[in-house]
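Whatever order the structure lists them in is the order used to number ligands and atoms, beginning at 1. We number each residue from 1, following the sequence as shown.
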Amino acid sequence: MKDLVIVGGGPGGYTAAIRARQLGMETALIEKDHLGGTCLNRGCIPTKTYCQNAAVLRHIHNSQEFNIEVGQVRFDMAGARQRKDNVVTRLVSGVEKLLKDHGVEKIKGRAVLLDKNTVLVDGQIIQTRNLLIATGSIHALPPLPVLDPEMVVNSDQLLELIEVPARLAIIGGGVVGLEFAGIFSAFGSQVTVLEYQPELLPAMDLELGKRLRVFMKKQKIIIHTGTVVERIESPYSPWQVTATGKYGAIHVQADRVLIATGRKAYTDGLNLHQLGIVTDDRGFIRVDRHMATNIEGVYAIGDVTGGAMLAHAASAEGVAAVENMAGIMATVPYHAIPACVFTSPEIASVGLSEEEAKSGRIAFRTGKCQFAGNGKALAMGEPDGMIKVLADQEDSIIGVHIIGPHASDLIMEGTLLVQNRMKVHEVAGIIHPHPTLSEALLEAVLDVKGEAIHLSPPRR
Ligand code: FAD
């Protein structure tokens, strides 16, 4: 009898397994595919590897600003894919070794839940005191006519291309769609993004999507928001995407079409309903603040429970679930989960957006600092973007939103401020090194009270 059986070896499942071993639990981890799940194999890591290819290409194209002349540039997509695969393989084998070193029993196969204490894997029965479901998510496809995997692809398939499509249409202007838009635009594709909502990145503070749109247009990415895609058809090559936008019909010619319209819980074949595990109307498993389902001893974490659907959220939930099983009361600080978008420039957010604060009737003030006035950003040749800070009536920082260079690194300071509900005057007393991008965050915090040093006072 195991203390814990975990189904799914993504960032949620494998992190939970290691924490469980640290707490002395006999633990088995069942994975049907590769360790690392979506994150390592088809998500965070492969896309960020390509983001780096895109960044190097942008630097080369921008080299004249730094008085460097570069000869002819040739991009090898097949080579980039190989590099991506090498990075993935290295990380997956790192997770494999970690699990082994921590004494987690790894079982390869597809798990079926027979009851709350019994799991079946390829004919093998495993008994357990606790069960943790960490089976992640898969693409949610819109109800559009037949998808031809050769041409109309999901993000898994786009990652495996060995040639850059001349024209790429992307359906969905959320995080995944826009990261691929930035990547393939830098690789040389003519990219068109079609988004149903009125703004890009509709789940984030709307100012971020509005500003990103301007920067993406400069990169010659065509964007249609408020647009309903109706058909994807190909009587002859190329493919044609037909949509209705604000100003009438839109026809986009494309050699590849990426569908990036969100993800849904992956629970196929698990036998959830036989066990009586409650899901919401979209199929995500319902859990309480300790990650427990409605069945005693059965917990669920990560993408399969919906919510933030980010790798670091899945890992934090995995740790919390296991600690709760071990009798350590643990919860996840959902008010301070940072989210990053690896576009050019990067975007990162933590805490409440302006729209969320308004709809929650929370009185707030904002402070802003543009990177155009930041010495480090100018020296780097990356002055695009800004930092916005929201503080409530007690001057506690409740949201930080960044678009600009290294936003994904800068957001960690914002996360500390929001998670600890720090006050404006407390941050004002923290010395930020010069010249760094972090000075822009200090200035945005000071601007909440009109006390930024490097901003002119408002005209009287
Ligand atoms: P997963 O990583 O999906 O792992 C679930 C695992 O369970 C899989 O390996 C699956 O094979 C296994 N499994 C399922 N059913 C069974 C079964 N019955 N038996 C055995 N095994 C089973 N997040 C970020 O934080 N940052 C990013 O930059 C980022 N970029 C992304 C880019 C893309 C293109 C995509 C698609 C996602 C991205 N994400 C990113 C999201 C991130 O990948 C997920 O939030 C994260 O992987 C969820 O972790 P998880 O452990 O819940 O599930």
Self-check item: Whether E179 side chain and T47 backbone form a donor-acceptor pair below 3.5 Å
Solution: no
Quiz prompt | The one among F342, Y266, F180 that brings a heavy atom closest to atom 14 (C) of ligand 1 | solution = Y266
Exercise. Report the nearest protein non-hydrogen atom to atom 39 (N) of ligand 1: residue, atom name, distance rounded to 0.1 Å.
Key: C44 SG, 3.7 Å
Quiz item: Would you say G12 has any N or O atom under 3.5 Å from an N or O of ligand 1, going by distance alone?
Solution: yes
Self-check item: Min N/O separation K48 to ligand 1 under 3.5 Å
Solution: yes
Quiz prompt | R110 bridged to D122 by N-O distance under 4.0 Å | solution = no
Quiz item: Hey, is A134 one of the residues with a heavy atom under 4.0 angstrom from ligand 1?
Solution: yes
Quiz item: Does V7 approach ligand 1 within less than 4.0 angstrom via side chain, backbone, both or neither, non-hydrogen atoms only?
Solution: side chain
Quiz item: Contact between H139 and ligand 1, counting heavy atoms under 4.0 Å?
Solution: no
Self-check item: Per-atom contacts, ligand 1 versus G109 - under 4.0 Å to a heavy atom
Solution: 19 (N), 20 (C)
Quiz item: Does a side chain donor of either S353 or D205 reach within less than 3.5 Å of an acceptor in the other side chain?
Solution: no
Quiz prompt | G36 N/O to ligand 1 N/O under 3.5 Å | solution = no
Exercise. Provide, to 0.1 Å, the distance between atom 47 (O) of ligand 1 and the closest protein heavy atom, together with that atom's residue and name.
Key: C39 N, 3.2 Å
Quiz prompt | Heavy-atom nearest neighbour of atom 45 (O) of ligand 1 within options L113, D303, L29, N41 | solution = D303
Quiz prompt | Sidechain N-carboxylate O distance under 4.0 Å for R129, E26 | solution = no
Quiz item: To which protein heavy atom is atom 4 (O) of ligand 1 closest, and what is the distance rounded to 0.1 Å?
Solution: G10 CA, 3.5 Å
Self-check item: CD (E163) with more than 12 external heavy atoms under 6.0 Å
Solution: no
Quiz item: Okay, side chain of S189, backbone of P165: is any donor-acceptor separation there less than 3.5 Å?
Solution: yes
Exercise. Find all atoms of ligand 1 within a distance of less than 4.0 Å from any non-hydrogen atom belonging to D33, and give their numbers and elements.
Key: 11 (O)
Quiz item: Any luck finding a side-chain donor-acceptor pair between D115 and T118 under 3.5 Å?
Solution: yes
Self-check item: Identity and separation of the nearest protein heavy atom to atom 10 (C) of ligand 1
Solution: E31 OE2, 3.5 Å
Practice problem: Taking only Lys NZ, Arg NE, NH1 and NH2, and the carboxylate oxygens of Asp or Glu, determine whether E439 and K376 approach each other closer than 4.0 Å. | Solution: no
Quiz item: Nearest to atom 16 (C) of ligand 1, what protein heavy atom do you find, and at what distance?
Solution: T135 CG2, 3.7 Å
Practice problem: Could you list which atoms of ligand 1 come closer than 4.0 Å to a heavy atom of A111? | Solution: 17 (C), 18 (N), 19 (N), 20 (C)
Quiz item: Among protein heavy atoms, which lies nearest atom 36 (C) of ligand 1, and at what distance?
Solution: R263 NH1, 3.4 Å
Quiz item: Any idea which atoms of ligand 1 are less than 4.0 Å away from a heavy-atom of G37?
Solution: 2 (O), 4 (O), 8 (C), 9 (O)
Exercise. Report, in ascending order of atom number, the atoms of ligand 1 lying under 4.0 Å from any heavy atom of A314.
Key: 49 (O), 52 (O)
Self-check item: Electrostatic pair R211:E199 at N-O distance under 4.0 angstrom
Solution: no
Practice problem: Give a yes or no on whether the backbone of P11 and the side-chain of T15 come within a donor-acceptor separation of less than 3.5 Å. | Solution: yes
Exercise. Please confirm whether A339 comes under 4.0 Å of ligand 1, counting heavy atoms of the residue only.
Key: no
Exercise. Give the atoms of ligand 1, by number and element, whose distance to some non-hydrogen atom of R42 is under 4.0 Å.
Key: 34 (C)
Quiz item: If we only count N/O pairs under 3.5 Å, is R110 in contact with ligand 1?
Solution: no
Quiz item: When you check the gap from the basic side-chain N to the acidic O, do R167 and D255 get nearer than 4.0 Å?
Solution: yes
Quiz prompt | Donor-acceptor contact present, side-chain N41 to main-chain L35, <3.5 Å | solution = yes
Self-check item: Lys/Arg N to Asp/Glu carboxylate O, K106 vs E31, below 4.0 Å
Solution: no
Quiz item: Among all protein non-hydrogen atoms, which one is nearest to atom 33 (C) of ligand 1, and what is the separation to 0.1 Å?
Solution: G43 CA, 3.4 Å
Quiz prompt | Enclosure of Q274 CD (heavy-atom neighbours >12, cutoff 6.0 Å) | solution = no
Quiz item: How does M309 reach ligand 1, if at all, at less than 4.0 Å between non-hydrogen atoms: by side chain, backbone, both, or neither?
Solution: backbone
Quiz prompt | Single hit among T436, I411, V427, V389 for side-chain contact (heavy atoms from CB on, under 4.5 Å) with L441 | solution = V389
Quiz item: Do Q197 and T225 come close enough that some side-chain heavy atom pair is under 4.5 Å?
Solution: no
Practice problem: With heavy atoms of H312 as the reference, note each atom of ligand 1 found under 4.0 Å away. | Solution: 25 (O)
Quiz item: Please state which protein non-hydrogen atom is closest to atom 13 (N) of ligand 1 and give its distance, to 0.1 Å?
Solution: K32 CE, 3.9 Å
Quiz item: Can you list the atoms of ligand 1 that are under 4.0 Å from a heavy atom of P11?
Solution: 2 (O), 46 (C), 47 (O), 49 (O), 51 (O)
